[in-house]
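Structure first, commentary second.
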2 protein chains.
Amino acid sequence: MPKISDSTIRRLSMYYRSLSEFETKGYKTISSEHLAKTEKLTPAQVRKDLSFFGSFGTRGLGYKTRELKERIGKILGLDHIWNVALIGLGNVGSALVSYKEFQKQGFLIKLLFDNDQRKINKKHKGILVSDVKDLVEKLKNNKIEIVIIAVPTQAAQEVADLVVSAGVKTILNFAPTRIKVPQDVVVRFVNMAMELEHLSFCLSNQDFSVAT
Amino acid sequence: MPKISDSTIRRLSMYYRSLSEFETKGYKTISSEHLAKTEKLTPAQVRKDLSFFGSFGTRGLGYKTRELKERIGKILGLDHIWNVALIGLGNVGSALVSYKEFQKQGFLIKLLFDNDQRKINKKHKGILVSDVKDLVEKLKNNKIEIVIIAVPTQAAQEVADLVVSAGVKTILNFAPTRIKVPQDVVVRFVNMAMELEHLSFCLSNQDFSVAT
DNA sequence: AATTGTGAAATTGTTCACAGCA
DNA sequence: TGCTGTGAACAATTTCACAATT
């Protein structure tokens, strides 16, 4: 039972995307070298990442594109539908509801929540918006497995506490603040400003060489 | 001239945000231990990160909150305004235009581009939308330093090539595909689906312990 | 002949532990 | 005394290099 690093998981996502593209382009097989080149990695890195989960290729021949894609898909849990709820229908939240990639990968946004009476009980992109008051109950009843938090900073911790109390173990947090959760809950944090800051760092410190 | 790692830059952003909060809360000074605790890091990590750029604290006392915030802000290039252009006014693009954190940190979205005639020459959140046809010319004329690409996958590379040809050196890419650019151009890649995949990995592989 | 899978080596990143200073 | 700054120790990650396999 090895410990899988964040970076390996991230790269698996990248491989999955590349392999999907190669599949549509009609490539039947693919080598670690080819896969590595498209993602700017080394072939050894690709093989090492895969080796944590088994051996999926054939020596001398490479990997079957379709098979490897499916194996990685299974590792990433993309072989079935996940029930997702999204909290907060501001700018970011609204954009996420229509974000095509989510549906494509099997992330089904089943519930929407907001605390604005003007939005509650109306449909948003075909999904009824519920009151945050009913959050815990509805998360439980609908067997929600992943929650996306897209509320303002000040509300983030409060909402997170409710989500945790509903038994949800995985949270994607778009609020630009760290939220505190118990050990067994996984939070991924997306902060767009942080990425811009990275770029402005690069512009401001061209004397430092920066890893890419 | 040390080589600064991605993770150090990322943490500097986190310190900056924490320090801003501590400043508003009225903390005059702060120790590496306190700062570390709020970000779930070790005090040594905080001090090491800072040590790459100089020595900002006082032995026995800690750091002056305001001063450290400003020093880190300067390192991250947040001490002045950056001219930003955003290409693609779909769901993600529109959300980003209204994203408050950007303005707050000095990222000024000066230009918007789209290729949809219904959007061109109209105002979007107070900013006139230009035709992508005029991209190169306008990027140059307006001294744009950072470009945010929020166009569909198929258009991403084409747009990126134009951006590069206009001399822009830093790109934030929201299109769910890797774009190829010359060595001297820095691209940061934000893929929301990837973060959800990380969560679904965690749900699917609870036997693997995952780093947080 | 080509390419995987994988221990071992090299590199990078993190933490320790303590000297140095207010 | 308390806390920073940092070289040395340690841990994690990546790359190398080669045996194994088709």
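In the model, A:Thr170 has no side-chain atom that pairs as donor or acceptor with a side-chain atom of A:Glu145 under 3.5 Å. Remark: the A:Glu197 side chain and the B:Ser13 side chain contain an N/O donor-acceptor pair separated by less than 3.5 Å.
The stretch residues 60-67 of chain B touches DNA chain D through B:Gly60, B:Leu61, B:Gly62, B:Tyr63, each having a heavy atom under 4.0 angstrom from the strand. Within residues 30-39 of chain B, the residues approached by DNA chain D to less than 4.0 Å at the level of any non-hydrogen atom are B:Ser31, B:Ser32, in residue-number order.
Picking from C:dT6, C:dT15, D:dG5 the nucleotide with the shortest atom distance to the side chain of B:Thr42 gives C:dT15. In the set D:dT4, C:dT15, C:dT6, D:dT4 carries the atom at the smallest distance from any side-chain atom of B:Arg47. Checking D:dT6, C:dT15, D:dA17 against every side-chain atom of B:Ser51, the shortest atom distance belongs to D:dT6. The nucleotide whose nearest atom lies closest to any side-chain atom of A:Thr58 is, among D:dT21, C:dT14, D:dT22, D:dT22. Among the nucleotides D:dT21, C:dT12, D:dA12, the one closest to any side-chain atom of A:Arg59 is D:dT21.
From B:Glu33, atom CD reaches atom CZ of B:Arg47 across 9.0 Å, with rounding to the nearest 0.5 Å.
When all heavy atoms of B:Ile109 and B:Leu96 are compared, the closest pair comes out as CD1-O, 4.0 Å.
Not a single ring pair (Phe, Tyr, Trp, His ring centres under 6.0 Å) links B:Phe56 to another residue, sequence neighbours left out.
Contact annotation: B:Lys48 does not reach the phosphate of C:dG13 (side-chain N/O to OP1 or OP2, under 4.0 Å).
Using bins of under 30°, 30° to 60° and over 60° for the plane-to-plane angle, the ring pair B:Phe102/B:Tyr99 lands in the perpendicular bin.
Under a 3.5 Å cut-off, the side chain of A:Ser98 and the backbone N or O of B:Asn91 do not form any donor-acceptor pair.
For the pair B:Arg10 CZ and C:dT12 P, the interatomic distance rounds to 21 Å; values are reported in whole Å.
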